[in-house]
Number of protein chains: 2
Amino acid sequence: MAGRDKFGDCACFNLRRAARLVTQAYDQVLAPSKLKATQFTLLAVLAPAGKGIAISALAEKLGMDRTTLTRNLAVVERAGLVSLRPGEDPRTKLVSLTANGRKALEEAVPLWREAQSEAIDRLGDEWGDFLKMTRRIAAI
Amino acid sequence: MAGRDKFGDCACFNLRRAARLVTQAYDQVLAPSKLKATQFTLLAVLAPAGKGIAISALAEKLGMDRTTLTRNLAVVERAGLVSLRPGEDPRTKLVSLTANGRKALEEAVPLWREAQSEAIDRLGDEWGDFLKMTRRIAAI
DNA sequence: AATATATAAGTGTATATACACCTATAGAGA
DNA sequence: TCTCTATAGGTGTATATACACTTATATATT
């Protein structure tokens with residue numbers, strides 16, 4: 001049974017491994033900002049949102065399970081970087097950046113730029129394909 | 001400051017999102033086997049290893065932090081799928097499949113094949129590029 | 001042999017992830 | 001209005017991830 005099944009070609013394994021390694025690289029560069037990659041992404045997505053965005057809508061935008069987002073939000077809320085308040089529909093909660101959150105993001109952006117440049121450089125010609133492919137996967 | 005920085009192009013975000021979605025797809029297909037994608041990978045890598053492999057060597061092979069592997073091994077060990085015994089160098093621990101582990105793997109392989117086929121179909125022409133790219137990232 | 005260094009592995013802690021299940025409220029239909 | 005259903009969100013539980021730190025043992029140096 002072994003031989004024809006090349007587990008080393010597993011799409012899931014290869015993708016997860018790549019994600020692990022890239023996350024470690026970003027986390028290392030972002031370390032001085034005290035933000036992890038996931039948290040940076042969260043703040044960055046919230047920055048343009050004027051009066052806040054509902055949790056489910058945010059989860060959709062991030063391609064993230066809603067309950068995962070709930071836990072991730074708890075971390076940045078505890079750190080005072082985002083605030084949650086009820087929307088007009090009292091079932092909803094609107095997430096928005098606090099002043100501290102905005103400041104933390106601004107301080108982290110140069111570090112992110114650095115990590116991002118490094119990633120783009122490493123991928124070289126394949127950078128465009130990389131973006132297209134990861135987005136195609138997300139378009140399921 | 002916003003505008004030139006396209007956070008939606010973040011390599012880390014795009015990669016993590018893709019990994020989340022693909023993992024969910026694999027986990028769903030693998031569900032009848034009771035194995036999660038990570039556990040399947042673990043068993044699959046161990047299958048050819050004759051008399052066992054040391055934890056650090058296995059972590060290296062998987063591109064995974066050693067301490068992460070320790071926790072992941074605890075899960076499959078508790079389930080009776082792998083066993084750990086000291087190597088010749090008493091500092092090392094050799095990991096190997098149990099009979100139950102081998103059986104669980106064999107039962108899961110057809111499900112994995114299904115998930116893998118689906119992934120390959122979805123990526124179409126880009127499948128080769130996908131593998132090359134994720135491996136290139138791992139080659140850092 | 002005694003000490004210093006390097007290597008293998010585990011633990012404490014914290015974040016990230018998601019399924020199954022639960023609660024609360026809005027909106028539709030009788 | 002009352003009930004049914006759909007939607008928004010949280011909680012319990014479990015796995016996945018990794019850094020900082022610790023323990024134990026092998027190997028090298030003196």
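Residue numbers begin at 1 in each chain, while the letters A, B, ... track the order of the sequences.
For the contact set between residues 11-18 of chain B and DNA chain C, defined by any heavy atom under 4.0 Å, the members are B:R16.
We find that CG of A:L94 is positioned 13 Å from C1' of D:dG9, with the value rounded to whole Å. Rounded to whole angstrom, the span from the CG atom of A:L62 across to the C1' atom of C:dT15 amounts to 16 Å. The distance from atom NZ of B:K34 to atom P of D:dT15 is 13 Å, rounded to the nearest whole Å. Atom-to-atom, CE of B:M64 to P of D:dA18 comes out at 7 Å; the value is rounded to the nearest Å.
Both A:M64 and A:L58 are part of a single hydrophobic cluster, where members link through side-chain heavy atoms under 4.5 Å apart.
The two residues A:V82 and A:T98 make their nearest non-hydrogen contact at C-CG2, 3.6 Å.
Listed nucleotides: D:dA16, C:dT17, D:dA18. Nearest to the side chain of A:R20: D:dA18. Of the listed nucleotides (C:dA16, D:dA18, C:dA18), C:dA16 has the atom at the smallest distance from the side chain of A:N72. Comparing atom distances between the A:K36 side chain and each of C:dA16, C:dA8, C:dA26 picks out C:dA16 as nearest. Among D:dA16, C:dA8, D:dG10, the nucleotide with an atom closest to any side-chain atom of B:T38 is D:dA16.
Contact annotation: B:Q24 side-chain N/O to C:dC19 OP1/OP2 distance is under 4.0 Å.
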message: Between B:R136 and B:K132, does the side chain to side chain contact (heavy atoms under 4.5 Å, CB included) criterion hold? Intermediate values first, please.
response: CA-CA 6 Å; B:R136 181 166 179 176; B:K132 193 193 298 187; 5.6 Å; no
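For D:dG9, its base never sits under 3.5 Å from the side chain of A:R71 at any donor and acceptor pair. Side-chain N/O atoms of A:R91 and base N/O atoms of D:dG9 include no donor-acceptor pair closer than 3.5 Å.
In terms of position along DNA chain D, the nucleotide closest to A:T92 lies nearer the 5' end than the nucleotide closest to the other residue of the pair A:T92 and B:D65. With DNA chain C read from its 5' end, the first of the two nearest nucleotides for A:A37 and A:T67 is the one closest to A:A37. Comparing A:T70 and B:R66 by the nucleotide of DNA chain D that holds the closest heavy atom to each, the one mapping nearer the 5' end is A:T70.
Using a 4.0 Å heavy-atom distance criterion, B:T68 is classed as a base contact. Counting any heavy atom pair closer than 4.0 Å across all strands shown, B:S56 reaches sugar-phosphate atoms only and no base atom.
For B:D121, the CG atom is densely surrounded, since the number of other residues' heavy atoms within 6.0 Å is greater than 12.
For the atom pair CZ (B:F7) and CG (A:L46), the distance works out to 11.5 Å, reported to the nearest 0.5 Å.
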